[in-house]
Every structure is written in C-alpha cells, then in structure tokens.
Amino acid sequence: MKNLGKYFIFLGSMFRNREPFHTYIKNTLDEMITIGVDSIFIVAIISTFMGAVTTVQTAYNLISPWIQDYVVSNVVRDMTMLELSPSIIALVFAGKVGSNIASGLGTMRITEQIDALEVMGINSTSYLVLPKIVASMITFPLLVTLSMFLSIYGGFITAQLTGVISGEDYLYGIRVDFNPFIVTFALIKAVAFAFLVATVSSFRGFYTTGGALEVGQSSTKAVTSSCIAILAADYLLSQLLLT
Amino acid sequence: MIEVNNINKSFAGKQVLFDISGRFEKGRTNLIIGSSGTGKSVLLKCIVGLVTPEEGRVYFNERNFLDCDIETKTEIRREIGMLFQGGALFDSMSVEQNVMFPLNILTKMPLDEKQDRVNHCLKRVGLENVNKRMTSEISGGMKKRVGIARAIVNNSRYLFCDEPNSGLDPLTAIKIDNLIQEITTELDITTIVVTHDMNSVLEIGDNIMFMYKGRKAWEGTSEEILDADVEEVREFVYAGKFIHTIRERTS
Ligand SMILES: Nc1ncnc2c1ncn2[C@@H]1O[C@H](COP(=O)(O)OP(=O)(O)OP(=O)(O)O)[C@@H](O)[C@H]1O
Ligand SMILES: [Mg+2]
C-alpha cells in the first residue's frame with residue numbers, strides 16, 4: 001500500500017520541471033530501438049508458435065460432425081486477438097523489457113549516475129523514465145499487431161501442413177463474423193499494458209538501494225509486479241469494455 | 001562562498017549529523033575530513049541537496065538553497081559540479097559524450113563551441129586522445145579526471161569532490177589533488193573536498209573541517225592541524241605507523 005502511494009508520487013514527479021522538449025526526442029528514439037526493435041525477434045517466434053499450437057489444439061477439441069471446420073480458425077482468430085496476443089506478449093514484454101529497464105535504472109542508481117543527474121539540476125525521473133514510457137506505449141501496440149498477424153498466419157501454415165482443416169476453411173473462418181471492436185480492444189489493452197510494464201519496472205529500478213545483488217532483486221521484483229499488474233488490468237479492462 | 005548552519009540529519013531514527021555549521025570560502029580548497037562512517041558523504045549530500053536534512057540551512061552566496069522555489073534551486077544546481085566517490089560517469093556514453101553532457105542539456109551552445117570547450121577541459125585535466133573511448137575502457141585515475149572535467153565544463157561556481165583520490169596510487173592521488181587545487185584558484189570557485197587521506201590534508205588543505213561521529217570536532221588550516229590540541233584529531237593525524245615512526249625519529 002505504501003509502495004502504491006510512492007508509485008503515484010513517482011509518476012507525478014515526472015511532470016515537474018521538465019527539460020526542453022528536444023532533449024526527449026533523441027532519447028525516445030533510442031529507447032524505441034532497445035524496447036521495440038530488439039523485441040521483434042522473440043515476439044515473432046512466440047506468436048507463430050502460439051498460433052500453431054492454438055490451431056492444433058482447437059481442432060483437436062472440436063472434432064464433431066455438428067461443427068463445421070471453419071469454426072476452428074474462427075475460434076483461433078478471436079482467441080489470439082482478444083487475449084493471447086495482447087496478454088501473453090505483454091507477459092513476455094514484462095520479462096524482457098521490464099527486467100532490462102529495472103536493472104538499467106538500478107545500476108544507474110547504485111553507481112550514483114542518477115545522483116549525478118540530480119546535481120546537475122536535471123529532473124532524473126522525467127529525463128530517464130519518460131522516454132521509456134513513451135517508447136513502450138508506441139512500440140508495444142505495434143508488436144501486438146505484428147503478433148496477431150503472425151499467430152493467425154502460424155495457424156494457417158499448421159493447418160496446411162497437418163491438414164487438420166483445409167486452407168480455404170481456415171481463410172473463411174478468420175473472415176466470418178468479424179467484429180472490428182476486438183482490434184480496438186486489443187490495442188487499448190496493449191497501450192495500458194505497455195504503460196504498466198514501463199512505469200512499474202522503472203519504479204522498481206529507480207528506488208534500488210545497495211549493490212549489485214539488489215539490482216538483481218529489483219529486476220526480479222519488476223517482472224513479478226508487472227505481471228500482476230498486467231493480469232489485474234486485463235481482468236478489469238475485459239470487465240469494463242466487453243460486458 | 002557556501003555557508004551551512006545547524007545541519008541535523010538522521011536516518012530511520014539514528015542521528016548521523018549533529019548541528020553542523022561552517023563556512024567554505026571562495027577560491028580556496030575546503031576539506032571535510034574524518035574517519036569512515038562519520039557522515040562526511042552525508043554532509044556533502046545535504047549541501048548539494050541530494051539528501052534533505054531535518055533541520056538547518058545552506059546558503060550559496062546568500063541564496064537559501066533548501067527553502068527556495070524550484071526555479072532558484074535549479075539555477076543553483078546548474079552552477080554546481082560534483083565528482084562522485086565512484087566517478088558516476090554515464091556508462092552508456094563515451095568520455096567525450098560524458099563531458100559534453102551538461103552542455104547538451106543545460107545550454108544552447110552550437111556544436112563546434114561545445115566541442116572546443118570539451119577538448120579544453122579534457123586537456124586541462126591531462127587527458128588527450130581518449131575522447132572516443134567508452135568509460136569502461138579507462139583506468140580509475142582517468143575516470144576521476146573525466147569526472148572533474150565533467151564537473152567544470154559548464155563553468156561551475158561550486159565544485160564538490162567526494163574522496164577524489166580513494167583507490168589511487170599515492171603519485172596519481174597527489175596529481176589529482178593538485179589538479180583540484182589549481183582549478184580552484186584558476187577559476188576562482190568554491191571547492192569542498194571530502195577525504196580521509198592525510199597527504200591531501202597537508203597538500204591542499206586551506207581550510208579543514210574535522211568531523212568525529214557526526215559532530216564538527218575541529219576547524220583550522222593544514223599548518224595548524226599538526227599541533228591541534230583535540231584528542232580525536234591527533235589520533236586521526238598520527239594514526240599510521242609511517243607517520244608515527246617519522247614523528248618519533250624527528251622528536
Ligand atoms: N541512505 C542512507 N540510509 C541510512 N543510513 C545512511 C544512509 N547514508 C548514510 N547512512 C549512514 O550514515 C553514516 C555516515 O555515512 P557516510 O557515508 O556519510 O560516511 P563517510 O564519513 O562518508 O564514510 P566513508 O569515509 O567511508 O565514505 C553511516 O553510519 C551510514 O550507515
Ligand atoms: Mg563517504
């Protein structure tokens with residue numbers, strides 16, 4: 001509870017006494033590369049396999065003369081778009097980017113680099129953390145979009161290779177009954193998750209005290225807290241926007 | 001000139017600084033000395049505002065630093081240069097970028113002017129041809145020099161050094177000490193150095209504050225310290241076997 005209060009004070013401190021705008025642009029672009037571009041590979045792999053596995057398992061569960069084949073890909077589509085792509089990829093994002101942010105800031109803290117910024121009269125929270133938040137909120141929705149495409153495509157390839165359903169049925173299934181709101185919903189979730197991962201991990205890293213051991217602990221805590229925050233927000237957003 | 005009045009600071013109920021007052025004059029190297037854990041670093045952090053004391057005032061040329069609005073605070077901070085105990089160089093940047101950093105953020109100087117200024121400062125601290133090296137690739141003594149260059153690059157009026165020669169060999173340590181003293185008189189700035197090295201004390205101590213267990217126990221110059229009549233100071237000054245032996249031989 002005390003941490004929650006500190007977290008909000010931390011967020012507030014970012015908007016006091018900011019540096020001129022141009023200082024943030026380069027930092028944000030740099031962060032977009034470390035946060036976004038460097039995550040493409042892992043996101044691509046996980047998404048493709050996620051789609052493949054979902055297709056095979058759904059087909060396995062829906063073997064019944066009453067159910068037409070295209071339902072399989074229809075289910076795969078809704079499942080990936082609504083839940084798997086935004087949430088699973090967010091958990092992966094928490095593991096990769098969250099730990100990276102927390103250990104980076106933690107190291108800067110224990111080696112007094114953050115103090116050095118403060119002494120120069122620079123608002124260290126906004127200088128260091130704001131670019132990470134903005135970069136996450138821009139790149140993560142793009143990663144989720146990529147993930148949705150690759151999952152569905154991965155399912156398509158699997159369907160073709162294993163023959164659980166025909167390619168035509170698969171393509172029909174992913175088009176039928178399409179409600180565009182699920183894309184909007186997925187992107188809303190993506191933005192919210194990105195904000196949570198970036199802020200929670202920064203918060204954990206920023207208030208590291210001690211030595212190298214504590215930096216490791218902060219990074220673990222960052223991942224745990226981010227995951228919990230993601231799941232809670234997932235439930236909350238689903239409840240609010242889907243019912 | 002920096003003036004501190006009645007600084008009291010405790011961490012989690014344990015008091016570390018007791019009612020510290022003192023004046024640090026411009027154009028002189030002011031030292032804060034004392035054994036490990038007496039609160040020297042904490043006092044320095046109170047002065048630059050990294051730690052907020054429960055009580056007390058800090059004045060930078062008559063400007064009240066602790067109770068002023070955020071604009072004045074930022075203004076004062078931009079006149080401060082600090083060398084940290086571990087160097088605190090930004091490890092994602094090269095030597096040159098580290099030194100240029102304050103100029104990039106705090107000024108609107110054109111690039112070639114910044115470059116000139118950076119080269120001038122690096123040369124001043126005796127570092128040439130290392131501009132493009134990363135900070136992980138240079139030695140401890142070089143890191144301290146880069147730290148000093150970064151601290152003075154933006155025409156600082158106040159220079160703070162926390163143990164500038166810890167972890168260095170005696171020769172390099174003396175060089176760093178002399179560098180700090182030269183810069184102080186040359187730029188006519190107010191310098192405060194925290195140290196527990198007796199060599200530095202005798203070498204550059206224009207004005208010395210001796211701390212013992214969170215209290216100011218003695219104050220004076222490097223000439224006076226050898227004859228100080230406070231027990232704790234004598235213990236500190238004549239702690240080493242080396243000095244002890246020399247003293248016995250000469251007397
Ligand atoms: N952030 C902090 N939280 C709690 N206690 C602290 C903190 N910083 C310093 N202290 C305590 O304050 C006391 C003085 O520490 P300080 O770092 O000022 O010593 P020092 O005189 O600089 O010693 P050294 O010469 O070893 O650097 C120590 O007992 C230390 O445990
Ligand atoms: Mg210290």
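Here is how names work: the chains are called A, B, and so on, in the same order as the sequence lines, proteins then strands, and each is numbered from 1. Any value given below was found using the heavy atoms of this structure, including those in side chains, with hydrogens, waters and symmetry copies removed.
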Counting only heavy atoms not in [X] (residues, nucleotides, ligands), do more than 12 fall under 6.0 Å from its [atom1]?
| X | atom1 | result |
| --- | --- | --- |
| B/Lys175 | NZ | no |
| B/Lys26 | NZ | no |
| B/Glu54 | CD | yes |
| A/Tyr7 | OH | yes |
| A/Ile157 | CD1 | yes |
| A/Phe181 | CZ | yes |

What are the two closest non-hydrogen atoms of B/Arg150 and A/Ala116, and how far apart are they?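 The pair with the smallest heavy-atom distance is NH2-CB, 3.7 Å.
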Shortest non-hydrogen separation from A/Gln113 to B/Leu89 and the atoms involved: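 So the two residues come closest at CD-O, 3.3 Å.
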Heavy-atom pair count under 4.5 Å with chain A, highest-scoring of B/Ala88, B/Ala151, B/Ser156: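 Result: the option with the highest number of such pairs is B/Ala88.
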Given ring pair (Phe, Tyr, Trp, His ring centres under 6.0 Å), test A/Tyr127 with B/Phe90 step by step and report yes or no. CA-CA 14 Å; A/Tyr127 181 76; B/Phe90 302 119; 8.0 Å; no
Salt bridge present between B/Lys45 and A/Glu112 (N-O < 4.0 angstrom):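 Salt bridge between B/Lys45 and A/Glu112, a charged N being under 4.0 Å from a carboxylate O: yes.
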Under a 4.5 Å heavy-atom cut-off, does chain A meet the side chain of [X], its backbone, both or neither?
| X | value |
| --- | --- |
| B/Asn154 | neither |
| B/Phe160 | neither |
| B/Gln85 | both |

Look only at the side chain of B/Arg77 and the backbone of A/Val119, and say whether a donor-acceptor pair between them is shorter than 3.5 Å.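 A pair under 3.5 Å: no.
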With rounding to the nearest 0.5 angstrom, report the CG to CD1 distance, B/Leu106 to A/Ile122.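 Here the rounded value is 5.0 Å.
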Nearest 0.5 angstrom please: A/Asn123 CG to B/Ile70 CD1, how far?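 Reported to 0.5 Å precision, the distance equals 7.5 Å.
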Among all residues two or more places apart in sequence or in another chain, which pass the side chain to side chain donor-acceptor pair (under 3.5 Å) test with B/Asp67?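 Expected list: B/Arg57.
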Quick one, A/Thr23 and B/Asn104 - any side-chain contact, counting heavy atoms below 4.5 Å?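 Of all side-chain heavy-atom pairs linking B/Asn104 with A/Thr23, none is under 4.5 Å.
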